[in-house]
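A quick write-up on the structure given underneath.
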Amino acid sequence: MTKKSSHMFCIAPMMQYTDMHDRYLLRLISKKVFLYTEMIATGSLVYGKCFDQLEFNKEEHPVGVQLGGSNINDLVECSKKCEQYGYDEINLNVGCPSDRVQKGKFGACLMLEPKHVAECLLNMQNVVDIPVSIKCRLGVDNYESYEFLHNFVSIVSQSGVTTFIIHARNGILKGLSPRQNRNIPPLKYDYVYKLKKDFPHLEIVINGGIKNLDESETHLKSVDGVMIGRAAYENPFMLKDVDSRFFNKESCTESKKQVLNKYFEYVDRQLENGHDLARMMKHLFGLSRGDKHAKTFRIKVLEVIKDKQLQKHKKDLEELLVY
Ligand SMILES: Cc1cc2nc3c(=O)[nH]c(=O)nc-3n(C[C@H](O)[C@H](O)[C@H](O)COP(=O)(O)O)c2cc1C
């Protein structure tokens, strides 16, 4: 197995969740986890000129940007832009099964076009110096054999891309919502383990249904990295010991209260920059997870959002956290 992969512990890209504020919060808890942006559709950059989506905090490094698209010219143009913004990596989304994304002919449906995916990745790599990676599924619809996945990776890796993040489920393109597509198709971790055996030179990162650090450690016996999405969003403090357990660095020494206060300082700064209070506050819901007053804390966060007023609630929120 590749030793000390930079992707040993990653946070999954999640639309509406892993925005720059959430990533800043997570970075207060772990200095080492690899962060990803939400998926950014190339069309919204190339034609919509929505470049504010690319904004991130310098504290977030290492941070990759995830692009969704399949038009080679657009992907090339966006890759150059992302590199200029200072991202550490560009990731191509080949896993999103939503109808909107399918209409745009990108995301999970590209699992059926490995040659085109390879061409996209080759062209992206040709115009940037930062690494380009891919996040994909095991297969789509009835293409659910290990051979299908093996063939996909075999063709796509000819582009020179070496980091494959695999959501260990099939994507169902018709009949399941994106949410159902994250829960209903069965997890097949054994496919991902086998992939690492068959392609030992590739960096294989496993994703899907991983709940905690113990499970992560088990996966890391068979693959190079783990990626966690929902469990880390719902309980960001689960990341507290990631740096010591996986990176040989000191654990986060801050208490939840200290993390909260540092995040408040950040929120105050970003309010001055015109960022929205509700968008920043919602990421705090999970911080009290497991605490005695977790529910009251969450209600208080909602109150802040409703009141559009943080200052007068700061002390109460801090006192509701256990330590
Ligand atoms: C709300 C939400 C939004 C998501 N958005 C994206 C996305 O933008 N790009 C992507 O590759 N995956 C996206 N995903 C899928 C996650 O990255 C991940 O593959 C999936 O949640 C399985 O991992 P988990 O079980 O650790 O959450 C999203 C998941 C959720 C819950």
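Read the numbers this way: they start at 1 and go in the same order the structure lists the ligands and their atoms. Predicted model only: the values in this text are computed from it and were never measured.
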What do you reckon, does Gly209 have a nitrogen or oxygen under 3.5 Å from a nitrogen or oxygen of ligand 1?
yes

Main chain of Lys31, side chain of Asp243: is a donor-acceptor contact present, judged purely on distance under 3.5 Å?
yes

Per-atom contacts of ligand 1 with Gly208, taking only distances under 4.0 Å to non-hydrogen atoms:
22 (C), 23 (O), 25 (O)

Residues in side-chain hydrogen bond (donor to acceptor under 3.5 Å, both in side chains) contact with Asn235, at least two apart in sequence or another chain:
none

Show the atoms of ligand 1 that are less than 4.0 angstrom away from any heavy atom in Ile228.
26 (O)

Is the closest heavy-atom distance from Gln16 to ligand 1 below 4.0 Å?
no

For atom 20 (C) of ligand 1, grab the closest protein heavy atom and report residue, atom and distance to one decimal in Å.
His167 CE1, 3.8 Å

Kindly confirm or rule out a cation-pi arrangement of Lys32 over Phe246, judged by NZ or CZ under 6.0 Å from the six-membered ring centre and within 45° of its axis?
no

Under 4.0 Å to a heavy atom of Ala12 - the qualifying atoms of ligand 1, by number:
16 (C), 17 (O)

Top protein contact for atom 9 (N) of ligand 1, by heavy-atom distance
Gln66 OE1, 2.7 Å

For atom 15 (C) of ligand 1, what's the nearest protein heavy-atom neighbour? Residue, atom name and distance, please.
Lys135 NZ, 3.9 Å

Checking heavy-atom distances from atom 14 (N) of ligand 1 to each of Gly229, Pro13, Pro97, the winner is Pro13

Looking at ligand 1, does Gly95 have a heavy atom less than 4.0 Å from it?
no

In Å and rounded to the nearest 0.5 Å, what is the CD to CZ distance from Glu147 to Phe152?
16.0 Å

Could a heavy atom of Cys96 be found less than 4.0 Å from some atom of ligand 1?
no

Have a look at ligand 1 and work out which part of Arg230, if any, has a heavy atom under 4.0 Å from it: side chain, backbone, both or neither.
both

List the closest protein heavy-atom neighbour of atom 29 (C) of ligand 1: residue, atom name, distance to the nearest 0.1 Å.
Arg182 CD, 3.3 Å

Nearest-neighbour protein heavy atom for atom 5 (N) of ligand 1, which is reported as residue plus atom name and distance
Met15 N, 2.9 Å

Would Lys262 and Glu265 pass as an ion pair if we require N to O under 4.0 Å?
no

Considering only protein heavy atoms, which is closest to atom 1 (C) of ligand 1, and at what distance to one decimal place?
Tyr17 CE1, 3.6 Å

Is the distance from the ring center of His283 to that of Tyr233 below 6.0 Å?
yes

Where is the nearest protein heavy atom to atom 18 (C) of ligand 1: which residue, which atom, and how far?
Asn207 OD1, 3.4 Å

Is the closest basic N to carboxylate O distance between Lys315 and Glu318 below 4.0 Å?
yes

When you check the gap from the basic side-chain N to the acidic O, do Asp307 and Lys300 get nearer than 4.0 Å?
no

Pairwise distance CE(Met14) to CG(Asp22) - rounded to 0.5 angstrom:
7.0 Å

State plainly whether the residues Glu60 and Arg23 are in salt-bridge range, i.e. N to O under 4.0 Å.
yes

